[in-house]
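All values derive from a computational prediction rather than experimental measurement. In what follows, every chain begins at residue 1, and chains take the letters A, B, ... in the order their sequences are listed.
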Amino acid sequence: MHHQLLAQPAMSIAKLTLQAGESVTCEVGAMIAMSSGFTVETTSRSRGGGGGITKGLKRMFSGENFFLNHFTSTAPNQTLWIGPGLLGDIMHYPMTGGTLIVQGSSWLASAIGIEIDATWQGLGKALFSGEGMFWVKCSGQGDLFLNSFGSIYPVDVNGEYVVDTGHIVAFEDTLNFKIGKAGSSLIGSVLGGEGLVCKFSGQGKLYCQSHNPPSFGQLLGPKLKAR
Amino acid sequence: MDQTFLGGVFSETLEGGRAGADVELLPAGIGARTPDGETFVIPYRDCQVEMGGYNGRMVFCRNADRSLTIFCDAPKFPKALSLAAAGTLDDQLAIGHKKRRGESRRAFLFGTICLTAILLFIVAGYFGIRFGARSAVLALPVSIDAQIGDAAMESMDLGGPKVRDDVVVGAMQSIVDRIAPAAAVEGIDFRVHVVESAQINAFALPGGNMVVYTGLIQNASSPEQIAGVLSHEMAHATLRHGIQRIGQSLGIWAGISLLVGDVSGLTGAAVDLMQVASVNSYSRTHENEADAEGVRMLHAAEIDPSAMADFFEHLEEEEGDVPGIFAWISTHPDHASRIASVRAQLAGLPPVQYRPIDIDWGEVRKRIDKNIDTSIDNSDVPEKN
């Protein structure tokens, strides 16, 4: 599978080129356009793998869809255009056998060798991380595509790193994070507008998003007319 | 025996610095083989072990200069590593486990505290709103009660024509006037309206409008029994139970907006609600409060309060014969316990010389029992909705 990311970072879309027999699994509703040589299968399980209803329900808890769409090319050089529902960036992550922890709703598409599952982040993190209650856990090998609100920037963490809540897109499972205050005092942190932050530690790659939907919604909401 | 686990490796020699790998516990050390076939080995004697990762259970094995890290989060890996290294790494593994357990306990404690705080916040919020609504409406001037009560009185269906007989209406008004000076709140102008209806009922709207049905007068054996019922209904008005119900129904913000003077929008909603409230029962707490306050008012007005309990008992006995007609009883449930609590309150009252109610009770009953239609004035009876 060959990929090309276009119109980054504000209105990104991904152009995937598949050869005959190759498959890709996409989020429901991600397909924008495609060649005629694709067969589309909608199931709740991974292609050729396990899962089913339980994993479908877990995905729903993590902010993803119960169903998955599997696109299989039946001819050479078939192109599939995919994009996220909200404006924002798309990133490509080549998985080589490890695990990537992804914020709920950021998974866009992946090769069939990648398992998509949901994982609980703990009560404290669920309440204060600014993310969903569950995270999406991607493991296996192949191409993985994630989307964000705003642009995505990678950070190589080796030691400690601080990210504001609501700005995490994904991180490698070799990293861990705790919820903490941005400054030395909680009152100072709140007055400074930062409040609580995610403090990462360990070694691995962390992907952050420049904006987040709740902040945008808080700005936009009061300006909208009531229905 | 060599053992293999799923894991990964960090090394500057790898593209991107990281790769997934099969982690093997070899006789010479910890080995890692990437999907591209590259192999890495860290001798056990050089290995520095740390615990971490997303779930806190991942074991990181680093070489002496920390340029190479092999990691694995398989649940059986720590024990297998301990055995393969012949116990040389046990101290480091124990420290890692201890650290992880400590962090896990702290996270659990933190989560439990947060959950408890949220639950307490919800419970406190619920009671805060209830208390806040009550406080907000009780802070309103009594004139608001009259405004709402008068509007409700004008628009509500009373269930029968008004009686205009001066003897009957005057007698009821004089009972109320005798009790009124004992009211806990000043500024309520009690005005009695007698309505022809077989239902044994009476009610008071906020602000002092009172409705007495002829069925109540016909079923009472003395003016003191009427006074017992009327004192209970007057207590609902003086204790402002109706306005409290409005406050609870419309919420604390409605109470606050009333407080700051925005009466117009809420009055309509309050009137609608009061029309329903007047014919439905109050809460058990409000009923008990009204009983106690009614007895206190009767005692202060030197009217025998035992008549209230007598009338309750009389209605309870009669209720079985004509079910449904005893509206006052049916909207005041559990009268047996109420009779008991009224009797208990009577026993604790200081002795006082009760004075009879100065009305011509015989004439009132005669006029009620007579063909009452001849004395009815229908001219200003509101049309039924």
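For the pair B/Arg62/A/Gln203, a side-chain contact is recorded, criterion being any heavy-atom separation below 4.5 Å from C-beta on.
Not one N or O on the side chain of A/Thr174 forms a donor-acceptor pair closer than 3.5 Å with the backbone of B/Gly53.
Between B/Arg18 and A/Asp173, at least one side-chain nitrogen of the basic residue sits less than 4.0 Å from a carboxylate oxygen of the acidic one, meeting the salt-bridge criterion.
Under a cut-off of 6.0 angstrom, the local environment of NE2 in A/His211 is sparse, with at most 12 non-hydrogen atoms contributed by other residues, nucleotides or ligands. The environment of B/His97 atom NE2 is dense: over 12 non-hydrogen atoms of other residues, nucleotides or ligands sit within 6.0 angstrom. The 12-atom threshold is exceeded at CG of B/Leu14, counting heavy atoms of other residues, nucleotides or ligands nearer than 6.0 Å.
The part of A/Thr99 that comes within reach of chain B is its backbone (N, CA, C, O), which places non-hydrogen atoms under 4.5 angstrom from that chain. Of the two parts of A/Ile101, only the side chain, counted from C-beta on, holds a non-hydrogen atom closer than 4.5 Å to a non-hydrogen atom of chain B. With a 4.5 angstrom heavy-atom cutoff, B/Phe60 touches chain A only via side-chain atoms. Proximity to chain A (any heavy atom under 4.5 Å) is restricted, for B/Glu103, to the side chain, taken from C-beta onward. Looking at B/Thr69, the atoms closer than 4.5 Å to chain A (heavy atoms on both sides) all sit in the side chain, from C-beta outward. Only the side chain of B/Asp73 comes within contact range of chain A, judged by heavy atoms closer than 4.5 Å.
The most heavy-atom pairs under 4.5 Å with chain A, out of B/Gly52, B/Ala19, B/Ala21, B/Gly7, come from B/Ala19. Between chain A and the residues B/Gly16, B/Gly8, B/Pro35, B/Gly17, the most heavy-atom pairs under 4.5 angstrom are made by B/Pro35. Interface summary for chain B: among A/Met95, A/Glu172, A/Lys178, the most heavy-atom pairs under 4.5 angstrom belong to A/Glu172.
Between A/Phe171 and B/Tyr54, the gap from one ring centroid to the other is short of 6.0 Å.
The structure places CD of B/Glu15 at 10.0 Å from OG1 of A/Thr96, a figure rounded to the nearest 0.5 Å.
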